[in-house]
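Here is the structure we will look at.
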Amino acid sequence: MILVFCELKDGKIRKPSTEALSAGRRLADASGQPLGALFAGASCAGAAEAAKYGADVILTAEGATLGSYSSDAYAQLVADAVKAKGATVLLAGATAMGKDVAPRAAARMGAGYASDVTGLSMVEGKLQAVRPVYAGKAFATITFTSAVQVASTRPNVFPVVEKAGPGAVESVPAPAGDFKSVVKEILAKAGGKVDLTEANVIISGGRGMKNGDNFKILEELADALGGVVGASRAAVDADWGLPHSMQVGQTGKVVSPTLYIACGISGAIQHLAGMSGSKFIVAINKDPEAPIFKVASYGIVGDLFDVVPELTKAAKAMGVGKG
Amino acid sequence: MKILVALKQVPDTETKIKVAADGRSLDPADVKWITGPYDEYALEEAIRIKEAKGADVVALSVGGDSAKEVLRNALALGADSAVLLKGDGQGDAFAVAQMIAAFAQGKGFDLIFCGNKGIGGDNAAMGPMLAELMGIAQANVIVKLELGQGTFRAEREIEGGSEVVEGALPAVITAQKGLNEPRYASLKGIMAAKKKTIEELDATSAPAVAVVSSLALPPERPAGRLLAGEPAAQAQALLQALKDEAKVF
Ligand SMILES: Cc1cc2nc3c(=O)[nH]c(=O)nc-3n(C[C@H](O)[C@H](O)[C@H](O)COP(=O)(O)OP(=O)(O)OC[C@H]3O[C@@H](n4cnc5c(N)ncnc54)[C@H](O)[C@@H]3O)c2cc1C
């Protein structure tokens, strides 16, 4: 079995999980194995949706003790499910939770783990993964010598494919209490906006923005295009009141949106590491020699304070970003 | 309190990556090595705990002779002692976790710090794997840490915010930028570090289970196009291109 650890949010499967499920379905077809979807929580209502992405079986671990995330408890139940089903591949979306639970579960099973993968295939019945290394400056192909093979899939990379499966629901045991650590509280849910790692459109500002207030014009463009705002490290470190969670790059978030618009960002190697996986890159910079233009699909040499408001105006006029 | 800090030597972020002749490893020529940027936050946090409450801080790195530089730097910054586990510290995270677990097991560490990821393999896996192998708690990608009596409370970065993890010590804490502002080594610290010895031990043998079978440079991005004209015309041309050519909208 190919087993996918899935996350629910407000009774719906999170997008990175649907991407992992879709990748899992493809691997299952390539190797003639069934696809399983695994859910855990106080309630797994909404798990049935996994059938839409081709799940043959839907495993639910429900219990009051699982209402709050616990690294060790979740790792245990994931490893137990892999064992019970004789799964050979375990996938999870490379989300905060996926990246926390997958390596711990892998260690529990003595399994090899490839994180944040951008490619997956089955070669002679074994999993092969491709993943960025050295902060995206190279790509490594990973093969496994362990019986169980674990990978987390980078959000926004694997296409979501709907393909109905039987989705037979089966419950699996939830570990009893006394966990080593547990999440007590969730803080600062930023205004319902999607996270940078999951965003389809990102507008980022750098030192060229001159101050934090000026990020308003990026917010306006983001609203018009249906995107979210990111920043370079120079902007985050400048005491402009921008949180580190906005930072894109080697020591920030690695993002792969469809569209990345860099405003007043020079394109330092550490910044490129975080965004060069974007499908289309737009650079707006007044310096025609800025390295960011080397990776840009479209470049505008100009003053961002002139160009960005014009873009917002034009986007509103064209009515883009609504779909 | 006993604290272990696991530090990884990684290529400098400015390094241009070249693939070695074997087609699956990094060509080490011209590579400048540094302490993993996230490991710096890990070490700083350990030193701050030592300063506030008193602790014995052991710095550890898995690697070859060159990794001693990382350890020497950790001593200069305030680690009490340093251990070089001689083995492949650049390879599979599970192998490295096993080496460190074999060393740390039974030594009574209350806290084990490491960076939330190295910037070499970028696995972001060693910490959680180590926690599982040692059968202790983990708190990953931590931007704030408070210690109680045998307990911890840590704030970890998640999508769109953060969450508070509570648990019992011992624990593995993986540091994220924001946890603290790492200090620079003082001249006095650097001089004192030169006099300390770095203990060298052979790492336990742990075969890799996830293996790099090939390494390649990313494909070149296709050449881009500059949009000319006045700002309003540039804006119009860009949106049109994104719509018609790129089909983003
Ligand atoms: C260990 C390490 C880790 C790092 N990690 C990261 C990371 O994760 N992310 C990251 O981003 N950086 C990172 N950096 C920093 C990186 O090296 C650069 O310093 C940083 O990316 C520069 O940010 P910037 O492009 O905003 O600023 P600058 O390099 O100063 O560029 C500003 C640009 O704005 C342009 N500009 C100015 N005014 C205007 C205007 N009115 N209109 C249009 N253009 C204008 C300028 O022409 C210039 O190109 C890291 C560095 C190190 C050493």
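Here is the naming used below: chain letters follow the sequence lines, and residue numbers restart at 1 for every chain. Note that the structure is predicted; figures quoted are calculated from it, not measured.
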Do other residues, nucleotides or ligands put more than 12 heavy atoms under 6.0 Å from the [atom1] atom of [X]?
X: B:Asp22; atom1: CG; value: yes
X: A:Lys316; atom1: NZ; value: no
X: A:Lys126; atom1: NZ; value: yes
X: B:Asp244; atom1: CG; value: yes

If you count heavy-atom pairs within less than 4.5 Å of chain A, which of [options] leads?
options: B:Val10, B:Thr151, B:Thr15; result: B:Thr15
options: B:Gln236, B:Glu230, B:Glu157; result: B:Glu157
options: B:Leu239, B:Leu217, B:Val212; result: B:Leu239
options: B:Met129, B:Gln234, B:Glu166; result: B:Glu166
options: B:Gly135, B:Ala233, B:Gly118; result: B:Gly135
options: B:Ala210, B:Ala95, B:Gly127; result: B:Ala210

Contact leader toward chain B among [options], where contacts are heavy-atom pairs under 4.5 Å:
options: A:Ala296, A:Ser181, A:Ala105; answer: A:Ser181
options: A:Phe144, A:Tyr134, A:Phe179; answer: A:Tyr134
options: A:Gln149, A:Glu310, A:Arg104, A:Gln250; answer: A:Arg104
options: A:Leu259, A:Asp72, A:Asp100; answer: A:Asp100
options: A:Phe280, A:Phe293, A:Tyr113; answer: A:Phe280
options: A:Thr197, A:Val301, A:Asp116; answer: A:Val301

[X] versus chain A, the contacting section by heavy-atom distance below 4.5 Å:
X: B:Pro11; answer: side chain
X: B:Ala232; answer: both
X: B:Glu155; answer: side chain
X: B:Ile119; answer: both
X: B:Ala208; answer: backbone
X: B:Ala97; answer: neither
X: B:Arg24; answer: neither
X: B:Gln176; answer: side chain
X: B:Leu169; answer: neither
X: B:Lys243; answer: side chain

Side chains of [X] and [Y]: closer than 4.5 Å at any heavy-atom pair?
X: B:Phe94; Y: B:Leu133; result: yes
X: A:Arg108; Y: A:Gln76; result: yes
X: B:Leu130; Y: B:Met134; result: yes
X: A:Val123; Y: A:Thr143; result: no
X: A:Ile292; Y: A:Met275; result: yes
X: A:Leu304; Y: A:Lys286; result: no

Pairing donors with acceptors under 3.5 angstrom, does anything connect the side chains of [X] and [Y]?
X: B:Asn116; Y: B:Lys177; answer: no
X: A:Gln270; Y: A:Arg233; answer: no
X: A:Asn200; Y: A:Thr258; answer: yes

Residue [X] versus chain B: region with a heavy atom under 4.5 Å:
X: A:Lys313; value: neither
X: A:Ile269; value: side chain
X: A:Ala111; value: backbone
X: A:Ile281; value: both
X: A:Val282; value: side chain
X: A:Ser278; value: backbone
X: A:Val150; value: neither

| query | Could you give the distance from OG (A:Ser121) to CG (A:Leu127), rounded to the nearest 0.5 Å? | reply |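 Separation between the atoms: 7.0 Å.
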
| said: Strictly below 4.0 Å, N to O, side chains only: are B:Lys32 and B:Asp12 in salt-bridge contact? | reply: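 Here B:Lys32 pairs with B:Asp12 in a salt bridge, since their nearest N and O are under 4.0 Å apart.
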
| query | Would a distance-only check, ignoring hydrogens and angles, find a side-chain to backbone donor-acceptor pair under 3.5 Å from B:Thr174 to B:Val141? | reply |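 Yes; judged by distance alone, with no hydrogens or angles, the pair exists.
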
| query | Which class fits the ring pair A:Tyr74 and A:Tyr69: parallel under 30°, tilted 30 to 60°, perpendicular over 60°? | reply |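 The rings of A:Tyr74 and A:Tyr69 stand perpendicular, inter-plane angle above 60°.
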
